[in-house]
Amino acid sequence: MTERYNFLEAEQRWRAAWQDARSFAAVTDPARPKYYVLEMFPYPSGKLHVGHARNYTMGDVVTRFKRARGFNVLHPMGWDAFGLPAENAAIASGIHPARWTYDNIATMRAQLQQIGLAYDWDREIATCHPQYYRHEQKMFLDFLKAGLAYRKESWVNWDPVEHTVLANEQVVDGCGWRSGAPVEKRLLSQWFLKITDFAEDLLDGLETLDRWPERVRVMQANWIGRSEGARVFFTLAGDGFAGETLEIFTTRPDTLFGASFCAVSANHPVARRLAAEEPAIADFNAECNRMGTSEVAVETAEKQGYRTRLVVEHPLIPGATLPVYIANFVLMEYGTGAIFGCPAHDQRDLDFANKYGLPVPVVVRSPDGPVPEITTEAFVATDGIAVNSGFLDGLTVAEAKRRVIEHLAAAGQGAGTIQYRLRDWGVSRQRYWGCPIPIIHCPTCGIVPVPEADLPVELPDDVGFDQPGNPLDRHPTWKHVACPACGEAARRETDTFDTFFESSWYFARFCSPRSDAAFERKDVDYWLPVDQYIGGIEHAILHLLYSRFFVRALRHCGYLDLKEPFAGLFTQGMVCHETYKNADGAWLYPEETEIGEDGAILDRQGRSVTLGRTEKMSKSKKNTVGLDAICGSYGADTARLFLLSDSPPERDLEWTAAGIEGSWRYVNRLHRLVADHRDRLGPPGTKPTGAGATRRLTHKTIAAVTADLEQFRFNRSVARLRELSNHLDEVAATADGIELREALEALIVLMGPMMPHLAEELWHLLGHGGLLVDQPWPSADATLTRDDVVTMAIQVNGKLRATLDLARDLDQTQAREVALSVPAVQRALDGKSVRKVIVVPNRIINVVV
RNA sequence: GCGGGCGUGGCGGAAUUGGUAGACGCACUGGAUUUAGGUUCCAGCGACGCAAGUCGUGGGGGUUCGAGUCCCUUCGCCCGCACCA
């Protein structure tokens, strides 16, 4: 009986050994092929649970695998450390956001180290550190010079309870995500980055990202939302507006002859001017702005319009005019905030026209049909033919579009254009715990950039959270400065950057984390792009799009020469767990429950517990499993093994006690396998020469695991390892010592990326002095991965009747003879004559009658 | 509405990309070891059938010598976006 594997002691010992050897320190070395592995860095929210660990473990497997394959691997870790939760903690418990953040970082760093992740910790960064954020202040000033940053008054989401602007993604069903209060639209001056300058390039670049998931590329393409169409200039008539131009955007300029009205957004300048003179319009506009933008609100909201006293002249029909409405379904944020309505060929316009009794001129018919009768369903097909449209009659939709754009352009009444849904990125936040925007507002000089010599603009420490709103704004001295241009009294910008600013370039900072510059050119030229990026699908748009934009903006400003930041992207599934509620309806942690004698779930007091749905692990539902607890009772390798083996990495994984027990048994079984047989192994370094089953399986496993790891098929590679170890369990007592050593050593090296501590321990047990992490990856002997004898399936009319072990590459005639001689085949033939025999070499023989 | 994806034993999932469906594991059943529980070991485990065998990858149809895989159709589920003109 061998001793049990003391994982606690062993795991600690091997982590110390890697640290002493600086095994994972990365050094820029253009002579070697590089590989940059990165997991999306975490927000330091407190403690890690096993759900977080899955993501990092995947990156770790890739890191260790690529290292063994000879790559110079960069695998860094850091902290996305600015953000609102730190301020909430300050408000709730009086802890300073910096203290709270750095404490959490210390806790989480220890947790990450505990699971044995192969990070180069010398490169650790925290984005809340002035040595990090000073560089993005410089970038912002460069963007400003390059015209990529600007200040603009615009309509933003305002949370009336939190007294701050919210990003679009922080508005859920029209309400603030934390306060639950209905979000208002406010017109505020904010800083924007010109992501729209790169709309076309961001869209085109998606084509090159062939190692990104299709759905992420599609989501980004939809978000950018390219539409081809036209701008059309209508001339307004009406007191105070006569002769002015109303510009609209349309994707269907071919339907211009079918126009029966124009409509503008409640926030359109025309609507606002009218509101100033007519209280009823002001009320209507306010009502439009109050309406939520949630899915439910949009679906249930009726089309509402206010008929103004204005009309426009029809650009193509002399003498004809169209009424101008203010309408609740026209968005100021898209196009020009104004449309022309063609009810026959747009469902929204038809709903609106029907409600307000407007005409419905039909101007498109289907290619083979009559002119459609329009009542409640608009005819929106784009394969039709223009009718009732003057010089466009008889043209296809596509031709008519082209023709009418030519006509409008020649007459100065419009132009073909490409419209994007993408909007510029508003980066101002009315928050304390973020990077200060390096700008000074001077009453005489206006907006003045902070001189580079004065960077960084550091956050003041002495702030209070006893009142709502931005503490920077209330600070007694911080914002009062002399204008760098004229020396007169001025004030600092008190808004801070959106925290997505920090995460948009951190992958570059990791290349030169201690540089006085943002990064060194020689380092980013070598390491970037990231070869394998790993993270959650929730960043499909935001972080991943912002980073792609940043790389373009930085290239524009001469920082680097890079097209895309992330060459390969993998979006991993979430870790889920059952949820539990007690009789009072309160959530319970898994460890607060137990199984009663009859199998019922009980709480600590023995009262019954309701089993809820299996859901993504989250603090709020208390269905998390702590990483510390699992590492303490089963060890890091057991946790890693379970996280890798139970589901394919892109799918969700259900964490179960039974599952972790199974992984635990396997870890111990592997230890026993090596410990029980190490005395009868051949000496290290002796090459076996046989070609028996053990050697064949060993080399097949090497080939299969290598291929699986290349393709992120971790669950499959674990199955391969188990097949090999199952076989070795059977034969170990009698196998040739030299062959057994080869097999065990292969098994150990192959398991290394997934169970690194155990692998080191077993490597050591086999008598090796060095570290396993310095061992090269084994290569499979091609003569051993091909069998001399193959099992072939024998079918009759496609139905399996027998299997036969036959010599590899048996010729067709022999194969046919052998197959026909099988009794089960003869029985199935039932005396019928054979029409033909299909032989797929080394796979199948199909007898057709 | 638009877009993306999925559907295989009691469960998680494999399937050499058109060639033996269910690898590997979890759960379960029987047996051995153990004072007992756990561990460990042996055997079984898609359905029906004593067996030979038949059926079987959401349903229906098709292509093919051969379909989980390709095509058509239909049902169900998940995710993303959405009054984008």
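Quick caveat: nothing in here was measured; it's all calculated off a predicted structure. Letters A, B, ... are given to chains in the order of the sequence lines, protein chains preceding strands, and every chain is numbered from 1.
Nearest to the side-chain atoms of A:Leu331 among the listed nucleotides B:rC81, B:rA85, B:rA23 stands B:rA85. Between B:rC83, B:rG4, B:rG12, one nucleotide has an atom nearer to the side chain of A:Glu214 than all others, and that is B:rG4. Nearest nucleotide to the A:Ile838 side chain, out of B:rA15, B:rG19, B:rG53: B:rG19. Each of B:rG25, B:rG80, B:rU20 was ranked by its minimum atom distance to the side chain of A:Met219; first place goes to B:rG80. Candidate nucleotides B:rG12, B:rG3, B:rU17 were compared by shortest atom distance to the side chain of A:Val218, and B:rG3 ranks first. The A:Arg215 side chain lies nearest to B:rG4 when the options are B:rG4, B:rC81, B:rG19. Taking the side chain of A:Ala793 as heavy atoms from C-beta on, and the options B:rG12, B:rA85, B:rU20, the nearest nucleotide is B:rU20. With B:rG3, B:rC26, B:rG25 as the candidates, the nucleotide lying closest to the side chain of A:Arg665 is B:rC26. Considering only side-chain atoms of A:Ala719, the nucleotide from B:rA85, B:rA23, B:rA27 that sits closest is B:rA23. Checking B:rU17, B:rG19, B:rC41 against every side-chain atom of A:Arg669, the shortest atom distance belongs to B:rC41.
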Begin from the C-alpha positions of A:Glu730 and A:Asn726 and carry the test side-chain hydrogen bond (donor to acceptor under 3.5 Å, both in side chains) through to its verdict.
CA-CA 7 Å; A:Glu730 277 173 39; A:Asn726 285 349; over 6 Å; no

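Taking the O4'-C1'-N9-C4 or O4'-C1'-N1-C2 dihedral as appropriate, B:rG9 has a value within 90° of 0 and is therefore syn. B:rU17: glycosidic angle within 90° of 0, hence syn.
Cation-pi geometry between A:Arg722 and A:Tyr666 is met: under 6.0 angstrom from the ring centre, within 45 degrees of the axis.
Distances shown here put a side-chain N or O of A:Arg651 below 4.0 Å from the OP1 or OP2 atom of B:rG13. In this model, the phosphate group of B:rG53 is not approached by any side-chain N or O of A:Arg801 to a distance below 4.0 Å at OP1 or OP2. Contact annotation: A:Asn846 side-chain N/O to B:rU20 OP1/OP2 distance is not under 4.0 Å. Taking 4.0 angstrom as the limit, A:Asn715 places a side-chain polar atom (N or O) nearer than this to OP1 or OP2 of B:rA14. Residue A:Lys700 places none of its side-chain N or O atoms closer than 4.0 Å to OP1 or OP2 of B:rU16. Side-chain nitrogen and oxygen atoms of A:Ser227 include at least one within less than 4.0 Å of the OP1 or OP2 phosphate oxygen of B:rA85. Between B:rG13 and A:Arg722, no contact under 4.0 Å exists linking OP1 or OP2 to a side-chain N or O.
Contacts of A:Asp351 with the nucleic acid, taken as non-hydrogen atoms under 4.0 Å apart, are absent. Within 4.0 Å of A:Glu723, counting heavy atoms only, lie sugar-phosphate atoms of the nucleic acid but no base atom. Using a 4.0 Å heavy-atom cutoff across all strands shown, A:Pro648 reaches sugar-phosphate atoms only and no base atom. Here A:Thr803 lies in heavy-atom contact (under 4.0 Å) with a base. Residue-level contact check: A:Arg720 touches neither bases nor backbone, having no heavy atom under 4.0 Å from any strand. Residue contacts shown for A:Val330 include a base, since a base heavy atom lies under 4.0 Å away.
The distance between the ring centers of A:Phe570 and A:Trp212 does not fall below 6.0 angstrom. The ring of A:Tyr634 has its center no closer than 6.0 angstrom to the ring center of A:Phe7.
For A:Tyr420 and B:rA85, the OH to P distance is 14 Å, given to the nearest whole Å. Summarising the geometry, the separation between CG on A:Leu653 and P on B:rG13 is reported as 9 Å, rounded to the nearest angstrom. Per the geometry, CZ belonging to A:Arg816 stands 17 Å off P belonging to B:rC65, to the nearest Å. Between A:Lys799 atom NZ and B:rU54 atom P there is a gap of 6 Å when expressed in whole angstrom units. A:Leu800 places its CG atom 10 Å from the P atom of B:rU54, with the value rounded to the nearest Å. Atom CD of A:Glu538 is separated from atom P of B:rC79 by 15 Å (rounded to the nearest Å). A:Leu724 has its CG atom 15 Å from the C1' atom of B:rA23, to the nearest Å. Residue A:Trp664 contributes atom CH2, which lies 19 Å from atom P of B:rG25 at whole-angstrom precision.
For A:Arg843 against B:rU16, a side-chain-to-base donor-acceptor contact under 3.5 Å is present.
The residue among A:Phe249 and A:Gly662 whose nearest nucleotide of RNA chain B is located toward the 5' end is A:Gly662. Comparing A:Ile537 and A:Asn797, the nucleotide of RNA chain B nearest to each residue sits closer to the 5' end for A:Asn797.
Using a 3.5 Å distance cut-off with no hydrogens or angles, the side chains of A:Asn267 and A:Asn285 do not pair a donor with an acceptor. Using a 3.5 Å distance cut-off with no hydrogens or angles, the side chains of A:Arg651 and A:Gln572 do not pair a donor with an acceptor.
Taking a 6.0 Å sphere around CZ of A:Arg786, one finds it holds 12 or fewer heavy atoms contributed by other residues, nucleotides or ligands.
Taking the C1' atoms as reference points, B:rA47 lies 9 Å from B:rG9, given to the whole Å. Rounded to a whole angstrom, the distance from the C1' atom of B:rG12 to that of B:rG60 is 30 Å. On the P atoms, B:rU17 is 25 Å away from B:rU63, given to the nearest whole Å. Using atom P as the reference point in both B:rG4 and B:rG22, the two lie 34 Å apart (nearest Å). Rounded to whole Å, the P atom of B:rC81 lies 45 Å from the corresponding atom of B:rU29. Taking atom C1' on both nucleotides, B:rA43 is separated from B:rU33 by 15 Å, rounded to a whole Å. Distance check on atom P: B:rA67 versus B:rA85 gives 46 Å, rounded to whole Å. The gap from the P atom of B:rC41 to that of B:rG25 amounts to 11 Å, rounded to the nearest Å.
Nucleotide B:rG3 has B:rC79 as its partner under the Watson-Crick or G-U criteria, with both atom distances under 3.5 Å. Look at B:rU33: it lacks any Watson-Crick or wobble partner with both distances under 3.5 angstrom. Across the strands present, B:rC11 finds its partner in B:rG25; the criterion is a Watson-Crick or G-U wobble pair with both atom distances under 3.5 angstrom. Nucleotide B:rG53 forms a Watson-Crick or G-U wobble pair with B:rC48, both donor-acceptor distances falling under 3.5 Å. With a cut-off of 3.5 Å on both pairing distances, B:rU16 has no Watson-Crick or G-U wobble partner at all. B:rG66 makes up no base pair with any nucleotide shown, lacking Watson-Crick or G-U wobble contacts both under 3.5 Å.
Between A:Asp787 and A:Arg696 there is a salt bridge, since at least one side-chain N of the basic residue sits less than 4.0 Å from a carboxylate O of the acidic one. A salt bridge is absent between A:Arg217 and A:Glu207: the closest approach of a Lys/Arg side-chain nitrogen to an acidic carboxylate oxygen does not fall below 4.0 angstrom.
With A:Tyr356 as reference, A:Tyr325 is the one residue of A:Phe261, A:Tyr306, A:Tyr325 to meet the ring pair (Phe, Tyr, Trp, His ring centres under 6.0 Å) rule.
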